[in-house]
Amino acid sequence: MRLRLLSVGRDRSGLFEPAVQEYATRLKRYVKLELVEVPESKRASEPVGRDEESEALLAKLKPGERLWLLD
């Protein structure tokens with residue numbers, strides 16, 4: 001099984017990166033994992049910015065892939 005995890009923006013604080021890498025290491029034992037980051041919109045706090053990020057995420061989907069939203 002393959003799992004592609006799409007996310008918006010980067011963790012600039014560096015606090016979450018060790019946890020992301022730890023979970024990625026654990027998951028890679030069971031599935032092929034690919035982490036994909038989409039750049040954060042310059043207008044992320046505005047509705048237009050969220051729409052831009054949504055479109056960027058949807059553009060990364062490949063035909064036949066399932067989409068699950070995690071918040």
Any heavy-atom pair between the side chains of [Y] and [X] that's under 4.5 Å?
{"X": "L5", "Y": "V36", "answer": "no"}
{"X": "R50", "Y": "R43", "answer": "no"}
{"X": "V38", "Y": "K60", "answer": "yes"}
{"X": "L67", "Y": "L58", "answer": "yes"}

Those residues that, when tested against E53, pass side-chain hydrogen bond (donor to acceptor under 3.5 Å, both in side chains) (two or more places apart) | none
Test side-chain hydrogen bond (donor to acceptor under 3.5 Å, both in side chains) applied to E34 - qualifying residues, sequence neighbours left out = none
Are [X] and [Y] connected, step by step, through hydrophobic side chains (Ile, Leu, Val, Met, Phe, Trp, Tyr) whose heavy atoms are closer than 4.5 Å?
{"X": "M1", "Y": "L35", "result": "yes"}
{"X": "V20", "Y": "L3", "result": "yes"}
{"X": "W68", "Y": "Y23", "result": "no"}

Paired with R10, the salt bridge (Lys or Arg N to Asp or Glu O under 4.0 Å) test is passed by just one of E40, E37, E17, namely E37
